[in-house]
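Please read the structure below before turning to the comments.
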Amino acid sequence: MKAVILDGIVLGLGFGLLGVGMTLVYGLGGVLNLAYGEVAVLAAIVVAQAMAGGIPTALAAVIGVLAAASTGLLLDLTLMRPVYRQSGGNKVLLGLLLTLGVAFVIEGVLTWRDPLGALSINVAGKPISILGVPLAVGSVWASVIALAAAAALLVFFGATIFGRAVRSVIQDELGARLVGISPALVRAVIFALSGGLAGLVAVTQSMTAPLTVNAGFNLTVTALIVSVVGGLGSVAGAFLAGVLLGIVDSVSAYYIGRYITSIVLLGAAVLTILVWPRGLLGGGQG
Amino acid sequence: MTSGPLPRRLGTVVAGGRGRAFLPVVGAAAVILVIPQIWFAGSEYTTGLAVQALEFAAYAVGFNLIFGSTNQLFLCVGALAGLGGYATGILSDHASLPIWVGIAVGTAVAAGVGGLLSWIAVRRSLGVIFTGIVTLAFSLGFQDLLLGQEHLTGGSTGQVVNGAAVSLADTRLGGYYLFAAVVIAFLVVFRVLQISHVGWAFRALRDDETAAELAGVNVARYRIYAALVGSAMIGLTGALYAYSDGFISPPVFAFDQIDVKVLVLVAFGGLGTLLGPLIGAVVFAFVDNALVNSGQVRELIYGAIVVVIFLSFRGGFVPAVVNLAGGLARQRPAQGE
Amino acid sequence: MLEVSTLAAGYLGQKVVDGIDLAVRPGEAVAIIGSNGAGKTTLFRAIAGLLRPMAGRVMLDGRDVTRWPAQRVAQAGVAYVPAERHLFGGMTVKTNLTLGAYPRRPDRETLESVFEIFPVLRERLQQRAVTLSGGEQQMLAVARALMGRPRLLMLDEPSTGLAPKLAKDAFDALVGLKGTGVTLLVAEQQVPLALSVADRGYVLENGRITMEGTPHELDQNPEVRRAYLGVG
């Protein structure tokens, strides 16, 4: 049981990292990025190709993260512009439809060029014992990276001027403009950051299991669920929800079966929507 | 008889006698029923394509009722169709019930699940977001369930549907007429809803949800109605697919097989319009055929089409062209057709 | 410092204000008086870059800022405090003030001078902005604007939502501000308050400027007295 829960926490930290990129973009631009998972897969394929080309793993990972960040930035600067001009339900809907279209395009390109593509990063070393449970080195590395990213994000949003500027745009875009903050600049940075986080997720996930070219849909749905449960726009909420859902996932997979986990996660999301409509830490408090 | 300004066709449709409102349906029905005789009845291959076009037209009418009429982005058409298809397959196989029981149960289950998903989403003001999220998650969960419950569904190998009308699949023309009847029936239902008070409520809530709410339209209730009826249509189509094809497997109802295409063809034909889904389905039958050997490039192209259409023609490509042509002819084209 | 010429602005193609000419000299305090719906807010939004003018020009220190977005106008030294304030409600008073200095870090000196004008904010530093009273929120809004060391401070209806006593206090604080060298442009429908702080005033009626003069001239004008002071 202890091992199952620990596994869940490892999984959940990954979920949290995945959810953060989705939730930030939503908080800022009102866009649910349905191409998010595909951006992660894109990064994975870039890393895999780079590694196959003889580039050292760490450098390849950086290249992948940068590629994903650029994709995010490109999305913001091109297709998302008309979305920001809309408001209310139309904005959400247009954002969903356009990013869904982009998801199809990215998945189409990747499976066309590299139908068997997959990223698998092997971290050498003996399992490390944590609380008496042996954990694969890859899992430990993935969790450490996720925790470091979480800490970095919390510092960024809590202690830097620009991080606070980002939160101010989430809270009151007009107020932010009045103090001289450019929402367009903030959005561009956050879209790039979100893309970079998707890339980072690709790297950490591939440390525990291969990330295949068709994983995008799954990643997107998981990110959506994590961000809904955590509260759209909340960084801390995404990590909290990620860990909770990771444990739920791991426990249900152990006692019922792997196939049931996405139904269980859906149930968790539905329950959250019904009980706490704004999520665990909703309301854009960062 | 009446004098005054030239009657606008929309006005005629609503006020000038219900019979005329069904003219487009009758016209479409006539074309659908006659065309095999004058074109492709001899070619099994072309007939097969036509059957597929009609099947997708049927999905698209259901999706259009939910999304086009009430703005609920249901990203689970494949999963709802799969509920219908697998209910038919499982009940006929494991429970040895007559096939029509399976079809009826499948339709009902799909309607129930669609209504439930809608109910969950409309309870919150951010309905659009939650509809997208919940339905997408349902699509994923449903696929996993199909693969996981192997003893019921046959897992990834799929299952043969007992009591399926193999003869329909054999000549293909039987399947064509089956789906033709389904599409025509759906169009009639869609039109009946459009010209009734329900259609009025749909238009009101699509134009301005808050205003509709203030005018006394129970927006949530009409959304759920649309989801119930539309999901029943999708479930029935999925069930009839199982019935006419005799074999179902998870990829048949996968998101990238059904939802992508349904979204594209509805967007192309015109959101919320009567004949848009049918027109879109016919056009994309040709597109599909042209892309038959291009594998994943198809998905790429579909994605690009989705982006371009929603960026440029919010109401759909065909209506935009019709509007343009109508504008050139200095005539107002009818809306809602 | 600020020069507005033949400015027209509005919404959905409808002009709300038209043919506006006004000028504010450095160090001056100028009031725009007018009743509800006269177009004061539209005029301010157009100057601040929140609303793209339909015609005319806005010059700031000889630079044409007519088509600049609001954030750029703000960076150029114009601080606009709208009647709805647009504070960051979920953040603390401190963070609100910090962001007022964006993109720089707030310097102690400015912070101290702001506390001197609004001492109560010092006690509220760790409180979230939404928990402040209406008067304190108005103070915070002005204080946040001052944190950026603006050269022109534009206040739209600072008396909104304030009890008469508090509104009076707010305007007294503005009189104190005048001594610090900041240039003021205030829109206000409570004419006596507006005239109490202004060196000069404009009367805005139905989207057009109908009168201009010193507080004394405006105060003595029979039309102003009838329309805005309820005497005549």
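Below, read A as the first sequence line, B as the second, and so on, with proteins coming before strands; counting in each chain starts at 1.
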Do you know which of A/T111, A/L110, A/V83, A/L79 has the most heavy-atom pairs under 4.5 Å to chain B?
-> A/T111
Measure the CZ-CG distance between A/R81 and B/L311 for me, rounded to the nearest 0.5 Å.
-> 13.5 Å
Please look at B/L263 and chain A and tell me whether the side chain, the backbone, both or neither of the residue comes under 4.5 angstrom of a heavy atom of that chain.
-> side chain
Between B/A304, B/A267, B/G141, which shows the greatest number of heavy-atom pairs under 4.5 Å with chain A?
-> B/G141
Can you name the nearest heavy-atom pair linking B/A137 to A/L266, along with the distance?
-> CB-CD1, 3.5 Å
Can you check whether B/L75 reaches A/L100 side chain to side chain, under 4.5 Å on heavy atoms?
-> yes
Are A/Y259 and B/L146 close enough, and set up right, to give a side chain to side chain contact (heavy atoms under 4.5 Å, CB included), and what steps lead you there?
-> CA-CA 8 Å; A/Y259 69 90; B/L146 288 186; over 6 Å; no
Considering only heavy atoms, which portion of A/V105 lies under 4.5 Å from any heavy atom of chain B: side chain, backbone, both, or neither?
-> both
Least distance between heavy atoms, A/L94 atom then B/F310 atom | CD1-O, 3.5 Å
Atom group of A/L34 that falls short of 4.5 Å from chain B, counting heavy atoms = side chain
Heavy-atom distances under 4.5 Å only: say whether A/L97 touches chain B with side chain, backbone, both or neither.
-> both
In terms of heavy-atom pairs under 4.5 Å with chain A, the winner among B/V306, B/I133, B/V134, B/L147 is B/I133
Would you mind telling me which of A/V221, A/I260, A/L96 has the largest number of heavy-atom pairs within less than 4.5 Å of chain B?
-> A/V221
Residue part contacting chain A, namely of B/F255, when any heavy atom lies under 4.5 Å | side chain
Nearest 0.5 Å, what's the CZ-CD1 distance between B/F138 and A/I263?
-> 7.0 Å
CZ/A/F104 to CG/B/L300 distance, rounded to the nearest 0.5 angstrom?
-> 12.0 Å
Rounded to the nearest 0.5 Å, the CD1 atom of B/I129 sits from the CG atom of A/L232 at a distance of 6.0 Å
For the residue pair A/L93 and B/F67, establish whether any side-chain heavy-atom pair is separated by less than 4.5 Å.
-> yes
Can you tell me how far the CG atom of B/L140 sits from the CG atom of A/L224, to the nearest 0.5 Å?
-> 10.5 Å
Return the minimal non-hydrogen interatomic distance between A/F217 and B/S139, and the atom names on each side.
-> CZ-CB, 4.0 Å
Residue A/L32 versus chain B: region with a heavy atom under 4.5 Å | side chain
Between A/S262 and B/D144, which heavy-atom pair has the shortest distance, and what is it?
-> OG-OD2, 2.5 Å
Contacting region of A/V228 [heavy-atom separation from chain B under 4.5 Å] = side chain
Between B/W119 and A/L274, is any pair of side-chain heavy atoms under 4.5 Å apart?
-> yes
